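Everything below concerns the one structure shown next.
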Amino acid sequence: MMPQNLAALLQKAQSIAGLTFGELADELNIPVPPNLKRDKGWGGMLLETALGATAGSKAEQDFAHLGVELKSLPINEQGFPLETTFVSLAPLTQNSGVQWENSHVRHKLSCVLWIPVEGSRHIALRDRHIGAPILWQPSPEQESQLKRDWEELMEYITLGRLNEITARIGEVMQLRPKGANSKAITKGIGKNGEVVETLPLGFYLRKEFTAGILREFLGN
DNA sequence: TGGTGATCATCA
DNA sequence: TGATGATCACCA
């Protein structure tokens, strides 16, 4: 099932474009939940299964042998993203020496297969259509935007300014909580360089950024 | 706990 | 009403 090369992956992705979640799920004998309240990652998992990615948690690209990360992107009727896009957990400790060039964010975003998906809640989950795939690599401009934000955000982390971090920081990428709930805990660096308990944070792409990706591929 | 996949839902 | 902060499920 795992595609052996990029062409096969793209072909598979193109072959499911136009289907609804319900049609695809039925083919794969996967039950469709009534909504996403308790199954927030269901759509992404469905696409992973359909495209032959190995399900489960592994800290790497979905198609590591192809160097490709798979991401579903819920959009509204206007083709605009409905949600920000999670990229990766932020390293809150042991991050000395981490540079943009060897960061998880850069690696994850070096090549992404985006699959737009109808996401409006008034459309029943099983009736939502799967869009045409977009194989994307950041342009030099996009990468420099990401790098700038990453460096600014990482500065808060490494300088022990965790308490000052807000989702408003960052032009195209932000830091937000990423965990089971507000009681989730991890280690971070405090004001005086000491280890402190803090909320796990993740990097998220702002909607405007992913909207730009859609725009460049769908031709404005 | 820290990853994967994300969306929910409250409040400014 | 949209974005921020919170949350859901599953796995190793």
Side-chain angles (χ1 to χ4, degrees), chain A residues 2 21 24-25 28 30-64 68-78 80-95 98 103-105 107-109 112-126 128 130-131 149 153 156-157 162-188 195-211:
Chain A
M2 173 91 87
F21 273 157
L24 183 57
L28 300 173
I30 292 172
V32 183
N35 56 60
L36 296 178
K37 282 186 183 156
R38 320 215 99 203
D39 298 86
K40 299 184 178 184
W42 183 83
M45 302 299 283
L46 178 67
L47 294 177
E48 279 193 355
T49 302
L51 298 183
T54 316
S57 60
K58 27 174 204 345
E60 262 317 310
Q61 290 161 314
D62 297 292
F63 301 96
V68 174
E69 171 75 10
L70 175 67
K71 293 225 164 279
S72 65
L73 184 59
I75 57 173
N76 65 15
E77 285 73 9
Q78 287 72 46
F80 194 87
L82 285 164
E83 300 287 346
T84 57
T85 300
F86 172 74
V87 180
S88 67
L89 243 26
L92 302 186
T93 59
Q94 299 169 344
N95 45 28
V98 182
S103 68
H104 288 179
V105 173
H107 186 242
K108 283 269 177 92
L109 297 182
V112 179
L113 184 65
W114 298 95
I115 303 200
V117 152
E118 285 182 337
S120 296
R121 291 196 212 177
H122 67 79
I123 307 175
L125 184 54
R126 61 174 306 117
R128 296 182 193 175
I130 298 161
D149 285 346
L153 295 167
Y156 280 83
I157 291 172
L162 292 174
N163 295 336
E164 300 172 46
I165 293 177
T166 254
R168 292 165 200 84
I169 305 170
E171 183 184 337
V172 301
M173 190 167 63
Q174 60 187 166
L175 280 172
R176 301 220 310 280
K178 167 68 173 174
N181 52 50
S182 59
K183 285 107 196 159
I185 285 270
T186 190
K187 305 289 190 198
V195 173
V196 297
E197 302 286 303
T198 187
L199 211 50
L201 298 175
F203 289 103
Y204 293 81
L205 298 178
R206 295 188 185 278
K207 294 187 223 176
E208 291 72 17
F209 185 77
T210 48

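Each chain gets a letter, A, B and so on, in the order the sequences are listed, and its residues count up from 1. These numbers come from a predicted model, not from an experiment.
Map A:Lys71 and A:Ala90 each onto its nearest nucleotide of DNA chain B; the residue landing nearer the 5' end is A:Ala90.
Computed from coordinates, the A:Asn163 CG to C:dG5 C1' distance equals 15 Å when rounded to whole Å. Straight-line distance from the NE2 atom of A:His107 to the P atom of B:dG3: 15 Å, rounded to whole Å. Note: CG (A:Leu113) to C1' (B:dG5) measures 15 Å, nearest angstrom. Atom CE of A:Met45 is separated from atom C1' of B:dG3 by 12 Å (rounded to the nearest Å). Between the C1' atom of B:dG3 and the CD1 atom of A:Ile185 lies a distance of 17 Å, rounded to the nearest Å. For the pair A:Leu125 CG and C:dA9 P, the computed distance is 15 Å after rounding to whole Å. Here the C1' atom of nucleotide B:dT4 and the CZ atom of A:Phe203 are 17 Å apart, to the nearest Å. In this structure, A:Gln61 places its CD atom 11 Å from P of B:dT4, rounding to the nearest Å.
Judged as a side chain to side chain donor-acceptor pair (under 3.5 Å), and not counting sequence neighbours, A:Glu83 has no contacts. Judged as a salt bridge (charged side-chain N to carboxylate O under 4.0 Å, His left out), and not counting sequence neighbours, A:Glu208 has no contacts. Among residues two or more places apart in sequence or in another chain, the side chain to side chain donor-acceptor pair (under 3.5 Å) test is passed with A:Arg126 by A:Asp26. Partners of A:Gln61 by side chain to side chain donor-acceptor pair (under 3.5 Å), not counting sequence neighbours: none found. Among residues two or more places apart in sequence or in another chain, the salt bridge (charged side-chain N to carboxylate O under 4.0 Å, His left out) test is passed with A:Lys108 by none. Under the rule for a ring-ring contact (aromatic ring centres under 6.0 Å, His included), the partners of A:Tyr204 that lie at least two apart in sequence or sit in another chain are A:Phe86.
Within the nucleic acid shown, A:Lys108 comes within 4.0 Å of sugar-phosphate atoms alone, with no base atom in reach, counting heavy atoms only. At the heavy-atom level, A:Leu199 lies under 4.0 Å from the strands shown only through sugar-phosphate atoms. A:Gly179 comes within contact range of at least one nucleobase, with a heavy-atom separation under 4.0 Å.
Two end axes, each from the C1' atoms of five base pairs, can be drawn for the helix from B:dT1-C:dA12 to B:dA12-C:dT1; they diverge by 30°, to 10 degrees.
Within residues 164-171 of chain A, no residue approaches DNA chain B, by heavy-atom distance under 4.0 Å.
For the pair A:Ser88 and A:His104, the tightest heavy-atom approach, listed with the atom from each and the gap, is OG-CB, 4.0 Å. The two residues A:Leu82 and A:Gly119 make their nearest non-hydrogen contact at CD1-C, 3.3 Å. A:Ile123 and A:Arg128 make their closest contact through O-NE, 2.9 Å (heavy atoms, listed as atom of the first residue, atom of the second, distance). When all heavy atoms of A:Leu70 and A:Leu51 are compared, the pair lying nearest together is CD1-CD1, 3.8 Å.
Within a 6.0 Å sphere centred on CG of A:Asn76, heavy atoms belonging to other residues, nucleotides or ligands number more than 12.
A donor and an acceptor atom never sit less than 3.5 Å apart when one is taken from the side chain of A:Lys178 and the other from the base of C:dG5.
Sequence neighbours left out, the pairs with a member in residues 164-177 of chain A that pass side-chain hydrogen bond (donor to acceptor under 3.5 Å, both in side chains) are A:Thr84-A:Arg176, A:Gln145-A:Glu171, A:Arg161-A:Glu164, A:Glu164-A:Lys191, A:Thr166-A:Arg168, A:Gln174-A:Arg176. Residue pairs meeting the salt bridge (charged side-chain N to carboxylate O under 4.0 Å, His left out) criterion with at least one partner in residues 33-43 of chain A, sequence neighbours excluded, are absent.
At least one side-chain heavy atom of A:Trp42 sits less than 4.5 Å from a side-chain heavy atom of A:Ile30.
Applying the 4.0 Å criterion to OP1 and OP2 of C:dG5, one finds that A:Ser182 has every side-chain N and O outside that range. Within the structure, every side-chain polar atom (N or O) of A:Thr186 is placed at least 4.0 Å from both OP1 and OP2 of B:dT1.
Taking the side chain of A:Leu89 as heavy atoms from C-beta on, and the options C:dA6, B:dG5, B:dG2, the nearest nucleotide is B:dG2.
Rounded to the nearest 0.5 Å, atoms OG1 (A:Thr93) and CG (A:Asn95) are 6.5 Å apart.
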Provide a list of protein-nucleic acid N or O atom pairs under 3.5 angstrom, restricted to nucleotides 7-9 of chain B.
residue, atom, partner, partner atom, Å
B:dT7, O2, A:Lys40, NZ, 2.9
B:dC8, OP2, A:Arg121, NE, 3.0
B:dC8, OP2, A:Arg121, NH2, 3.2
B:dC8, O4', A:Lys40, NZ, 3.0
B:dC8, N4, A:Glu83, OE1, 3.3

Identify the pairs formed between an N or O of the protein and an N or O of nucleotides 10-12 of chain B at a distance under 3.5 Å, and give each distance.
none

